[in-house]
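Data block below; observations after.
Since the structure is predicted, the reported quantities are computational estimates derived from the model, not experimental observations.
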Amino acid sequence: MAGPLFALILLGCTDAGDGCTRLEAPVQTYETRAECEKRQEAALQSDASLRADYPVVTAQCRIHTAARAKTPKRLLALSETR
């Protein structure tokens, strides 16, 4: 079995850096965390990031599994803010 994939996601947050919500943007996946982290700066310069109506936008690399891929986005957003 192959190792986990890492998903690069964008989050829009309040000025305090809390209350984050996952932005509607295509999720890119990478085979290693290092690959994913190399792409974070480019993700922050993407159209989705620049158009976001949040004072703070951040990019994070998270483990991406088949189970998470099938979870409704609204449930993912709730779990990601905790």
Side-chain angles (χ1 to χ4, degrees):
M1 179 176 195
L5 290 176
F6 292 88
L8 179 56
I9 62 168
L10 292 172
L11 300 167
C13 305
T14 64
D15 280 326
D18 56 2
C20 298
T21 302
R22 182 174 166 185
L23 298 181
E24 290 294 326
V27 175
Q28 300 295 317
T29 57
Y30 302 92
E31 292 192 25
T32 66
R33 182 178 293 279
E35 272 184 284
C36 183
E37 289 173 349
K38 285 180 190 176
R39 306 286 194 248
Q40 285 179 314
E41 190 59 38
L44 291 172
Q45 299 303 317
S46 70
D47 286 340
S49 177
L50 297 174
R51 287 185 303 200
D53 191 23
Y54 289 91
V56 176
V57 175
T58 186
Q60 293 184 0
C61 293
R62 297 190 178 169
I63 291 177
H64 181 72
T65 64
R68 284 180 60 85
K70 294 178 182 175
T71 304
K73 288 181 184 177
R74 62 187 168 90
L75 295 179
L76 284 175
L78 291 173
S79 68
E80 290 168 352
T81 59
R82 295 178 186 190

When rounded to the nearest 0.5 angstrom, what distance separates [atom1] in [X] from [atom2] in [Y]?
{"X": "Y30", "Y": "R39", "atom1": "OH", "atom2": "CZ", "answer": "5.5 Å"}
{"X": "L11", "Y": "Q60", "atom1": "CG", "atom2": "CD", "answer": "5.0 Å"}
{"X": "R62", "Y": "T29", "atom1": "CZ", "atom2": "OG1", "answer": "15.5 Å"}

Item to check | For the student: nearest non-hydrogen atoms of F6 and T32, plus distance | outcome: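 Closest heavy-atom pair between F6 and T32: CD1-C, 3.5 Å.
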Next on the checklist: Looking at every heavy atom in both C13 and T58, which two are closest together, and how far apart are they?
Outcome noted: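 For C13 and T58, the tightest heavy-atom pair comes out as SG-CG2, 4.1 Å.
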Item to check | Residues in side chain to side chain contact (heavy atoms under 4.5 Å, CB included) contact with E37, at least two apart in sequence or another chain | outcome: R33, Q40, C61
Next on the checklist: Just to verify, what does A16 make a side chain to side chain contact (heavy atoms under 4.5 Å, CB included) with, not counting sequence neighbours?
Outcome noted: T14, D18
Item to check | Any V27 side-chain heavy atom under 4.5 Å of R22 side chain | outcome: yes
Below 3.5 Å, can you tabulate the donor-acceptor pairs from side chains in residues 42-53 to any protein atom, sequence neighbours excluded?
from	atom 1	to	atom 2	distance (Å)
S46	OG	A43	O	2.7
S46	OG	S49	N	3.4
S49	OG	L44	O	3.0
R51	NE	D47	O	3.3

